[in-house]
Amino acid sequence: MGDAHRRVGDFVRLFSDAFYSQEGSSLSPLLSVSSSSTSPFLLSVADGLAAFQDWGRLLKQVDGQLEDILSHLLRAVQSFRAGRFMDAYIAFEKSANAFLQEFRNWESAWALQPLYTIAYEIRVLAEKADWELGSLGKNPEKLKGAGSYLMKVFGALASKGPKRVGALHVTCQLFKIYFKLGTVHLCRSIIRSIETARIFDFEEFPLRDKVTYMYYTGRLEVYNENFLAAEQKLMYALSHCNFRREANIRMILKYLIPVKLSLGILPTEFLIEKYNLVEYTRVVQALKRGDIRLLRGALLEHENRFLKSGVYLVLEKLELQVYQRLMKKIYMLQRLKDPSKAHQVKMEVVVKALKWLEMDVDIDEVECIMAILIYKNLMKGYFAHKSKVVVLSKQDPFPKLNGKPVGA
Amino acid sequence: MERRVGGRGGRSWRPRESGGGSRPAPTSSSSSASYGDRWRPSSSRASHSASKSGGDLREDLEGSTKVRLAEHVADQDVSSLVGTCPDMCPAKERGQREQFRDLTVFERLNGNPQKTSSALAVKKFCRTMSTTNEQPSDIRPLPVLQKTLRYLLDIVDSSNHPFEVIHDFVLDRTRAIRQDLSIQKIVNNDVILMYEEMVKFHIISDKRLRKNCGKVDISSLLHLNMEQLIKSLTSLYDLYVINQRSSDKNYNEAEYYSFNLILQLGRNRNSISLWLRKMSVSILQSKEMHFARSVLRHLRVGNYRRFLKIVAADSSYLQFCLLEPVRAQALLCINYGGYKLHPYPLSHLSHILIMKEEDLESLCHDCGLKTCKDEAGHLLLPTRQEVSHMPKTLQDFGFLASEN
């Protein structure tokens with residue numbers, strides 16, 4: 001009993017010391033409720049709380065606001081240890097609110113580190129709480145609550161003072177929540193604020209937050225099929241992220257590869273294999289070979305994965321580039337046979353090629369495909385409806401995209 | 001008598017349905033003013049709503065189900081109203097509307113504009129309604145609402161009145177049905193089936209309005225219809241989510257989810273990818289969704305030939321507002337890539353674009369393309385013409401524009 005009492009007492013003392021001496025790095029680990037299963041100290045505190053029922057007594061000596069923070073925090077630790085995640089979340093949110101109230105009063109940015117810990121914890125606890133709520137057949141709503149809390153935090157950081165450099169970190173935590181909840185439209189206002197508000201200077205933010213931010217906003221651009229913006233953001237994330245973090249690089253490439261493909265830039269096999277992005281192998285092959293059946297097959301094989309990551313529609317649209325490649329191959333074969341007539345392609349030949357790939361097309365559809373390729377400037381020349389022939393331009397009949405989106 | 005207080009209290013999981021949204025609640029509280037509002041003829045509402053930009057509609061479908069779901073569940077604890085009105089229209093409203101001669105052609109007893117009956121009158125949509133002020137006797141319980149809906153849909157099927165007149169009436173009264181449903185916060189299989197019926201009504205209406213109302217200017221009617229379609233569909237998706245855990249599920253989620261895909265087709269700026277990410281695998285793999293996705297693919301790639309072929313073969317509800325833009329795009333492609341010395345025969349083109357030759361001719365002109373005749377009198381489209389202007393239908397149609 002005495003031991004339990006001592007451990008809780010230690011925690012309270014360590015917390016108040018760090019709090020009053022404004023030592024962010026000492027305070028952070030004490031807020032990390034979810035690590036109480038791995039941190040021996042927090043684990044012992046949690047057990048101490050369970051053994052020593054009357055721990056509230058120990059908080060008598062600390063003053064008002066700190067008591068608020070601490071009592072809810074300790075309750076969160078205790079509930080978490082007992083596997084009651086919903087209770088843990090509710091208590092933690094109260095503690096976090098009390099902390100935020102104090103945070104607003106501090107001029108300096110000393111408490112950013114603990115605040116980051118809170119931002120992380122509240123999300124993780126909310127996810128666990130939602131899991132618990134869901135399994136009880138109740139409405140999982142805590143992650144949404146965590147989002148509202150972080151919006152408040154964002155509001156507290158969006159000011160002229162030194163605390164503003166923390167705004168991007170919180171934004172990234174918010175992105176994680178919104179992406180998970182499928183409410184990414186809520187990102188819009190916060191992006192607008194980060195990118196246009198005068199108080200923020202993007203370069204001033206810490207690098208790791210900039211990388212995360214570019215990753216998420218890059219993904220949003222992919223969903224909206226703004227390939228140039230997506231490329232720019234994802235390239236920023238790729239070139240600035242820690243090159244030893246292969247998992248992160250892989251996450252970025254998962255979106256960057258479809259973007260680059262859409263801009264006519266193919267990845268090397270080495271890259272695909274190194275980062276285990278084999279789902280793209282056959283897509284790339286299809287583009288190289290002009291094999292529409294291969295593209296359809298690759299999309300079908302990984303359909304759910306691509307749909308869930310949100311790149312499916314982007315990949316599907318590569319179809320036009322595959323047709324372009326097919327036309328180029330036909331053209332090159334004809335040139336080997338008879339260079340003087342190479343630039344005239346009978347549509348019947350294209351029908352045959354596609355039929356050979358088991359595509360069910362007729363001459364009208366081939367004409368349609370030719371018309372689109374020409375219209376989108378993937379092919380230069382014209383088609384003659386009457387004689388069923390495509391006449392290719394003698395100069396550069398298949399313009400390369402060279403980093404520009406189709407049709408631009 | 002005091003029906004209207006602010007109008008927002010009655011919101012539940014269906015915040016957009018109560019109609020307030022874009023319009024500030026009136027501040028006057030005299031009862032006569034509230035009458036004026038309550039019995040506002042639907043035409044004046046029409047002009048107001050029509051001025052809303054198309055962009056707002058999109059927000060509706062993109063908006064998160066989960067967010068509103070949470071609000072709904074939070075609301076559930078509050079005791080909700082249970083209606084007791086036995087008729088399609090509350091007796092009080094019937095009396096008032098007789099007095100104000102506010103009876104549609106469907107509601108007049110023997111054609112008398114001042115006389116109706118419980119078998120004819122149907123409760124009007126009220127744009128400012130709140131739970132606090134609503135009497136149970138003004139709200140219809142589920143069985144009465146089901147009966148009302150059946151009655152309205154029968155009118156759609158069998159009435160001899162011009163379709164725009166039927167549509168105006170049914171659009172308003174189904175809206176009132178949804179209002180009664182949401183105010184009582186009923187969510188179950190039957191309610192979902194009712195919503196599906198109402199969505200279907202709006203889908204069919206889109207087609208029939210285009211077909212039947214050649215002379216009347218239908219653009220605002222189409223807009224209103226589309227607005228209600230999207231609202232009903234949004235609510236329906238919410239209901240699907242709320243009813244997810246129920247064992248009583250006798251409806252076709254996949255089919256109705258696929259409608260959204262079709263609806264979104266023409267609006268490239270919407271992120272369909274994001275929406276698809278949220279769908280469950282079983283929905284995505286359903287045959288309806290497969291179909292909708294293949295239509296989507298042909299459209300996005302620009303394969304007008306395949307697109308029109310599929311749409312013509314499947315005469316379901318796909319003939320939305322999409323055919324004209326796709327045809328116009330086809331014309332522009334053919335004009336751009338065709339051989340200058342071989343004008344394209346319109347007879348063949350009309351076969352590819354699945355439309356009558358004379359309609360094709362006027363579409364060409366709409367697109368700023370000239371047509372001509374050969375010596376045998378066949379109509380031709382000379383290719384490689386300078387396109388002077390884009391047809392209006394193409395303007396907010398994303399896929400033609402370049403991606404960036």
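In what follows, every chain begins at residue 1, and chains take the letters A, B, ... in the order their sequences are listed.
- Between B/Y257 and B/Y240, the angle of the ring planes lies from 30° to 60°, which puts this pair in the tilted group.
- Per-residue heavy-atom pair counts under 4.5 Å with chain B were compared for A/L373, A/V391, A/L318, A/D362, and the maximum is reached by A/D362.
- When atom types are taken as modelled, the side chain of B/Y237 and the backbone of B/Y256 share a donor-acceptor pair closer than 3.5 angstrom.
- For A/S309, the part lying near chain B is the backbone, with the side chain staying farther off; criterion is any non-hydrogen pair under 4.5 Å.
- The aromatic rings of A/Y280 and A/F306 sit parallel to each other, their planes meeting at less than 30°, with 60° as the upper class boundary.
- In this structure, chain B has heavy atoms under 4.5 Å from both the backbone and the side chain of A/E365.
- In this pair, B/Y344 and B/H348 present their aromatic rings tilted. The plane angle is within the 30 to 60° band.
- Taking A/I372, A/I374, A/L313 one by one and counting their heavy-atom pairs under 4.5 Å with chain B, the maximum is reached by A/L313.
- Heavy atoms closer than 4.5 Å to chain B are found in both the backbone and the side chain of A/F383.
- Below 30°, between 30° and 60°, or above 60°: for A/Y375 and B/Y336 the angle between ring planes is above 60°, a perpendicular geometry.
- Residue A/V361 touches chain B through both its backbone and its side chain, counting heavy-atom pairs closer than 4.5 Å.
- Looking at B/L284, only its side chain comes within 4.5 Å of chain A, counting heavy atoms on both sides.
- For the 3.5 Å distance criterion, the side chains of A/E93 and A/Y89 qualify, holding a donor opposite an acceptor.
- Ranked by heavy-atom pairs under 4.5 Å with chain A, the list B/H351, B/M279, B/H342, B/R305 is led by B/R305.
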